[in-house]
Amino acid sequence: MENNIFLAIFEKLFEAYGPQHWWPAGSDFETVVGAILTQSVSWSNVEKAIKNLKREDLLSPRALSEIDDEKLHRLIRSTRFYKQKGERLKNFCRYLLKYYDGSLYRLFDKDVYELREELLGLKGLGEETVDSIILYAAKKPIFVVDAYTKRIFCRLGIITEDIDYKSLQKLFMSNLPLDTSLFNEYHALIVKLGKEVCRTKPGCGFCPLSDLCKEVKK
DNA sequence: GCCCAGGGGGCTC
DNA sequence: GAGCCCCATGGG
């Protein structure tokens with residue numbers, strides 16, 4: 001077995017679940033839209049909204065920045081908090097048009113952490129959303145942390161509850177090779193595990209990491 | 001009917 | 001700076 005616990009866990013998860021094929025989107029812009037729409041909602045709800053936007057040929061910065069609010073709300077209603085998310089989408093698109101001529105490529109063409117700070121400055125884009133955009137749309141190596149990551153690694157006894165986002169991210173990034181495809185697959189596998197067996201209570205049925213879990217009641 | 005999803009912002013103390 | 005509440009759909 002790997003002597004690096006972070007790599008060892010990755011290998012166990014990959015062996016159990018295989019490649020997750022994230023991010024399921026036809027373009028980088030679609031990935032960004034999905035990243036905003038998936039905030040606190042399951043992916044199935046997002047798929048409907050993306051499908052609606054595609055059908056109306058609205059999946060572009062220009063189209064989204066100009067769309068009528070009521071129409072936008074109706075199309076993305078399935079993603080919950082649709083008024084807020086509609087505004088966040090428009091806000092991002094208008095920023096992209098104003099400063100980068102609507103080109104994600106130009107926006108992304110800078111240092112990872114410079115890009116991170118810039119995106120965090122936009123309203124409605126928090127750490128997890130920004131890191132998802134950087135990893136899955138810009139395809140730059142940054143580790144995406146979420147509630148599952150924290151919960152699972154707490155149960156493995158590797159971290160404690162009180163760790164903050166940046167510290168947890170740094171822990172992964174300083175113990176793993178800086179590899180976009182590894183980070184891509186790792187986060188997706190964590191989400192898979194979280195949804196599959198590790199929701200709110202420990203000691204849940206079959207788990208590929210059960211031999212490592214510190215909280216399973218025997 | 002209940003719970004919780006691939007969060008983030010704003011307010012209070 | 002932690003602890004709340006708000007937002008307000010859909011599937012199990």
Side-chain angles (χ1 to χ4, degrees), chain A residues 10 13-14 17-26 28-53 69-93 95 116-139 142-155 160-169 172 180-205:
Chain A
F10 172 78
L13 292 176
F14 190 78
Y17 298 127
Q20 300 299 301
H21 308 292
W22 276 34
W23 190 288
D28 293 338
F29 184 71
E30 185 179 325
T31 301
V32 174
V33 171
I36 293 172
L37 293 182
T38 197
Q39 291 170 351
S40 196
V41 72
S42 56
W43 185 249
S44 62
N45 293 43
V46 179
E47 285 182 314
K48 295 176 188 170
I50 300 261
K51 201 171 167 184
N52 290 340
L53 293 172
D69 280 330
E70 271 188 40
K71 183 175 181 184
L72 180 56
H73 294 166
R74 184 157 39 84
L75 295 173
I76 66 171
R77 197 173 65 93
S78 64
T79 65
R80 204 179 172 200
F81 318 134
Y82 53 83
K83 292 182 185 173
Q84 288 185 357
K85 288 179 178 177
E87 193 178 344
R88 289 169 189 185
L89 281 181
K90 278 194 164 182
N91 193 43
F92 176 83
C93 290
Y95 180 85
R116 191 175 196 273
E117 288 311 305
E118 183 174 350
L119 291 175
L120 283 174
L122 295 179
K123 195 170 175 179
L125 303 194
E127 294 191 291
E128 189 179 337
T129 305
V130 163
D131 289 336
S132 296
I133 291 172
I134 295 174
L135 179 62
Y136 292 104
K139 299 171 183 65
I142 199 148
F143 202 90
V144 179
V145 170
D146 68 343
Y148 288 135
T149 315
K150 194 163 169 178
R151 189 184 303 155
I152 291 165
F153 282 76
C154 274
R155 286 181 192 167
T160 51
E161 288 280 353
D162 58 337
I163 194 167
D164 61 66
Y165 188 100
K166 288 280 284 189
S167 305
L168 186 48
Q169 179 176 60
F172 277 91
T180 300
S181 59
L182 171 65
F183 290 178
N184 174 323
E185 203 63 69
Y186 208 152
H187 173 65
L189 285 166
I190 285 171
V191 173
K192 172 76 174 174
L193 173 66
K195 283 159 69 163
E196 200 82 3
V197 295
C198 207
R199 298 178 84 93
T200 52
K201 297 190 183 75
C204 33

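Quick note on labels: first sequence line is chain A, next is B, and so on, each numbered from 1.
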Check your understanding: If you measure from CG on L13(A) to CG on L193(A), what distance do you get to the nearest 0.5 Å?
Key -> 5.5 Å
Point to revise | Partners meeting ring-ring contact (aromatic ring centres under 6.0 Å, His included) with Y95(A) (sequence neighbours left out) | key: Y99(A)
Practice item. May I ask which nucleotide in the shown strands pairs with dG1(C), Watson-Crick or G-U wobble, both distances under 3.5 Å? Key: dC13(B)
Revision key, fill the gap. Rounded to the nearest 0.5 angstrom, the CD-CG distance for E47(A) and N45(A) is 9.5 Å
Point to revise | Beyond-backbone contact of L72(A) with L53(A), side-chain heavy atoms, under 4.5 angstrom | key: yes
Check your understanding: Is the ring centre of W22(A) under 5.5 Å from the base ring centre of dG6(B), and are the two planes under 30° apart, so that they stack?
Key -> yes
Study note, to complete from the structure: When rounded to whole Å, the CD to P distance for the pair E185(A) and dG6(B) reads 17 Å
Point to revise | Nearest-angstrom distance, C1' atom, dA5(B) to dC7(C) | key: 14 Å
For nucleotides 1-7 of chain C, list the nitrogen or oxygen atoms of the protein found under 3.5 Å from its nitrogen or oxygen atoms, one pair per line.
| from | atom 1 | to | atom 2 | distance (Å) |
| --- | --- | --- | --- | --- |
| dC7(C) | O2 | Q84(A) | OE1 | 3.2 |

Review point. Is there a side-chain contact between R88(A) and L125(A), using heavy atoms and a 4.5 Å cut-off?
Key: no
Check your understanding: What is the distance from OH of Y186(A) to C1' of dG6(B), rounded to the nearest Å?
Key -> 17 Å
Point to revise | DNA chain C contacts among residues 117-134 of chain A, heavy-atom distance under 4.0 Å | key: none
Exercise for review: Between dG6(B) and dA2(C), how far apart are the C1' atoms? Round to whole Å, please.
Suggested key: 25 Å
Check your understanding: For E87(A) and dG10(B), what is the distance between atoms CD and C1' respectively, to the nearest whole Å?
Key -> 14 Å
Point to revise | For atom CG of N45(A) and atom C1' of dG12(C), their distance in whole Å | key: 12 Å
Exercise for review: For the pair Y186(A) and F143(A), name the ring-plane relationship: parallel under 30°, tilted 30 to 60°, perpendicular over 60°.
Suggested key: perpendicular
Point to revise | Nearest-0.5 Å distance that lies between atom CG in D164(A) and atom CD in E127(A) | key: 8.0 Å
Revision key, fill the gap. From the list T31(A), L37(A), I36(A), side-chain contact (heavy atoms from CB on, under 4.5 Å) with V33(A) holds only for L37(A)
Exercise for review: Measure the distance from CD1 on I50(A) to C1' on dT9(C) and round it to the nearest whole Å.
Suggested key: 16 Å
**Study point:** Point-to-point distance, once rounded to the nearest 0.5 Å, from CG of N52(A) to CZ of R74(A)
**Key:** 9.0 Å
Check your understanding: Does the side-chain ring of W43(A) sit on the six-membered ring of the dG6(B) base, less than 5.5 Å centre to centre and under 30° in tilt?
Key -> yes
Practice item. State the pairing partner of dG12(C); accept Watson-Crick or G-U wobble contacts with both distances under 3.5 Å, and report none otherwise. Key: dC2(B)
Practice item. Take atom CD of E47(A) and atom P of dA5(B), then tell me their distance rounded to the nearest Å. Key: 18 Å
Study note, to complete from the structure: Of the candidates dG7(B), dG6(B), dG11(C), the side chain of K48(A) sits closest to dG11(C)
Practice item. Round to a whole Å and report the spacing from NZ of K195(A) to C1' of dG10(C). Key: 13 Å
Review point. Rounded to the Å, how far apart are Q39(A) CD and dT9(C) P?
Key: 16 Å
Review point. Can you tell me if K85(A) uses its side chain to pair, donor with acceptor, with the backbone of T79(A) under 3.5 Å?
Key: yes
